[in-house]
Amino acid sequence: MLTREILTDPVTQFAEEVRAGLSRHSQKELPSKYLYDATGSALFEVISLLPEYGLTRADARILRRHAGEITSGISPPVIVAELGSGSGKKTRWILEALTRRQPTTYHPIEISPAALAQCERELDHLARVSIVGFEAEYLDGLRRVAAGRKPGERILVLFLGSSIGNFDRCPGERFLTGVRQTLNPGDALLLGTDLEKPAPRLIEAYADALGVTAAFNLNLLVRINRELGAGFDLAQFRHLALYNAPERRVEMHLQSLAAQTVTIPRAEFSVRLEEGETIWTESSHKYRAEEPFEMAPRSGFRCDGQWIDDEWPFAESLLTAV
Ligand code: AVI
């Protein structure tokens with residue numbers, strides 16, 4: 001069964017956030033969540049197939065190998081809420097493990113309607129799974145899931161693929177606290193974190209030879225042109241991926257190749273960029289394996305288990321709400 005609720009007014013919010021990020025006098029920035037329109041979501045699926053980008057395959061291997069063990073400690077009945085489901089491909093293993101014990105309701109929560117639709121298509125055929133998606137920001141969707149739970153039901157929240165890494169570290173922990181506040185003791189959060197690796201390997205992963213990540217990044221300007229009527233000329237920008245060692249993160253930027261002024265009519269605003277100036281579009285923080293154990297108590301959880309991939313350092317950690 002498929003149901004979907006829409007909880008946001010996307011265009012107004014997009015215009016406001018673009019204006020706020022590009023009117024900064026210091027480092028200009030755009031929120032990375034806007035990378036995922038239909039084209040961006042499709043490009044991210046291609047990124048996950050690239051030989052240089054092992055993250056998604058590592059995450060999938062862990063879930064395929066360990067889904068039974070991961071879910072075994074959570075007492076039924078369990079409902080599953082996934083924050084940023086993407087295509088939903090990896091989630092299949094968790095849902096199949098749960099449906100061996102019980103029919104399962106699955107709530108993908110996605111700001112991207114294209115990703116939500118793909119996720120629903122991908123998982124619709126699973127037996128004993130009901131899908132009720134929310135087109136919403138993560139916490140708004142999760143609150144709806146929690147408000148609808150029946151007495152005795154536990155919630156398993158999935159936050160896979162190291163999406164936590166796209167938050168700065170303190171806001172990331174505040175976000176985990178926000179997740180905890182919507183849950184009850186005994187509910188669980190499965191948290192994916194990409195682990196530290198040598199900088200050259202990371203740069204290759206975010207500046208692939210084929211240019212797919214460059215297209216993913218530049219597509220943000222295409223989206224602003226289409227949805228907000230802006231006049232960004234893509235030939236005047238290039239994709240940059242750099243490793244910020246003190247912050248332990250990969251940063252994606254769009255670098256202006258010339259001094260230019262671009263008008264964004266639906267945001268009622270023009271942005272002036274100098275030659276070489278960048279717009280920061282995404283951070284991808286990397287973690288040490290012990291960090292989820294340290295972050296858990298600071299946000300109201302306890303870390304009860306961790307699984308690490310042996311080919312591409314990546315950890316899935318199971319956090320229980322205390
Ligand atoms: C979704 N997120 C965890 C990806 C990452 O690695 O930060 C997005 C991505 N950006 C460039 N490549 C992949």
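Position 1 is the first residue of the sequence, and the numbers go up from there. Just so you know, these numbers use all the heavy atoms, side chains as well, and skip hydrogens, waters and symmetry mates.
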Handout entry: Candidate pair Glu96 and Arg92, rule salt bridge (charged side-chain N to carboxylate O under 4.0 Å, His left out), full reasoning
Key = CA-CA 6 Å; Glu96 284 182 347; Arg92 178 185 147 198; 3.3 Å; yes
For the backbone of [Y] and the side chain of [X], can you confirm whether one donor and one acceptor N or O come within less than 3.5 Å of each other?
X	Y	result
Arg24	Lys28	no
His107	Val132	yes
Thr263	Pro265	no
His285	Gly165	yes
Glu110	Gly86	yes
Thr193	Ser162	no
Gln260	Val271	no
Lys90	Gly88	no
Glu277	Glu274	yes
Asp194	Phe314	no

Heavy-atom closest contact ([X] atom, [Y] atom, distance):
X	Y	answer
Thr56	Phe44	OG1-CZ, 4.2 Å
Ile308	Ala289	CD1-CB, 3.8 Å
Leu318	Ile70	CD2-O, 3.5 Å
Ser299	Thr177	CB-OG1, 3.4 Å
Leu218	Phe237	CD2-CB, 3.9 Å
Gln306	Pro292	NE2-CG, 3.8 Å

Cationic N near anionic O, under 4.0 Å, [X] to [Y]:
X	Y	result
Glu291	Arg248	yes
Glu137	Lys33	yes
Arg121	Asp124	no
Asp304	Arg302	yes
Arg57	Glu311	no

Exercise for the section: Start with the C-alpha distance between Thr261 and Ser270, add both sets of side-chain angles, then the distance that settles side chain to side chain donor-acceptor pair (under 3.5 Å), and finish with yes or no. Expected result: CA-CA 7 Å; Thr261 300; Ser270 289; over 6 Å; no
Practice task
May I have the step-by-step check of salt bridge (charged side-chain N to carboxylate O under 4.0 Å, His left out) for Asp187 and Arg180, ending in yes or no?
Solution key: CA-CA 9 Å; Asp187 289 338; Arg180 169 63 190 89; over 6 Å; no
Exercise for the section: Let me see the working for Thr278 and Gln27 under side chain to side chain donor-acceptor pair (under 3.5 Å), right down to the final yes or no. Expected result: CA-CA 7 Å; Thr278 72; Gln27 174 69 63; 3.2 Å; yes
With rounding to the nearest 0.5 angstrom, report the [atom1] to [atom2] distance, [X] to [Y].
X	Y	atom1	atom2	result
Asn217	His239	CG	NE2	5.5 Å
Glu316	Asp309	CD	CG	10.0 Å
Leu189	Leu156	CG	CG	8.0 Å
Ile79	Ser130	CD1	OG	11.5 Å
Leu160	Leu83	CG	CG	9.0 Å
Glu196	Arg249	CD	CZ	13.5 Å

Exercise for the section: Evaluate the criterion side-chain contact (heavy atoms from CB on, under 4.5 Å) for residue pair Glu282 and Asn166; output intermediate values, then yes/no. Expected result: CA-CA 7 Å; Glu282 186 188 65; Asn166 298 136; 3.6 Å; yes
Handout entry: Phe14 six-ring face occupied by Arg223 cation (under 6.0 Å, within 45°)
Key =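 Checked: cation-pi criterion met.
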Practice task
Run the ring-centre check on Phe216 versus Tyr36 and record whether the distance is less than 6.0 Å.
Solution key: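 Centroid separation for Phe216 and Tyr36: below 6.0 Å.
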Exercise for the section: Establish, yes or no, whether a centroid distance under 6.0 Å links the rings of Tyr53 and Tyr206. Expected result: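 Under 6.0 Å, so yes.
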Exercise for the section: Look at the side-chain heavy atoms of Ile, Leu, Val, Met, Phe, Trp and Tyr, link any pair under 4.5 Å apart, and say whether Ile74 and Trp307 land in one connected group. Expected result: yes
Practice task
Verify the distance criterion only: is there a donor paired with an acceptor across the side chains of Thr104 and Thr99 at less than 3.5 Å?
Solution key: no
Exercise for the section: With side chain to side chain donor-acceptor pair (under 3.5 Å) as the test, would you mind laying out the steps for Glu17 and Tyr34 before giving the verdict? Expected result: CA-CA 10 Å; Glu17 294 191 47; Tyr34 291 117; 3.1 Å; yes
Practice task
Check the pair Asp168 / Arg174 against salt bridge (charged side-chain N to carboxylate O under 4.0 Å, His left out), numbers first and verdict last.
Solution key: CA-CA 10 Å; Asp168 282 346; Arg174 278 201 296 280; over 6 Å; no
Practice task
For Glu268, look at atom CD and say whether over 12 heavy atoms of other residues, nucleotides or ligands are found less than 6.0 Å away.
Solution key: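 Incorrect, the count does not exceed 12.
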Practice task
Give the C-alpha distance, both sets of side-chain angles, the deciding distance and a yes or no for side chain to side chain donor-acceptor pair (under 3.5 Å) between Asp208 and Thr213.
Solution key: CA-CA 6 Å; Asp208 58 281; Thr213 310; 2.6 Å; yes
Exercise for the section: Begin from the C-alpha positions of Glu294 and Arg288 and carry the test salt bridge (charged side-chain N to carboxylate O under 4.0 Å, His left out) through to its verdict. Expected result: CA-CA 10 Å; Glu294 296 160 2; Arg288 303 190 177 110; over 6 Å; no
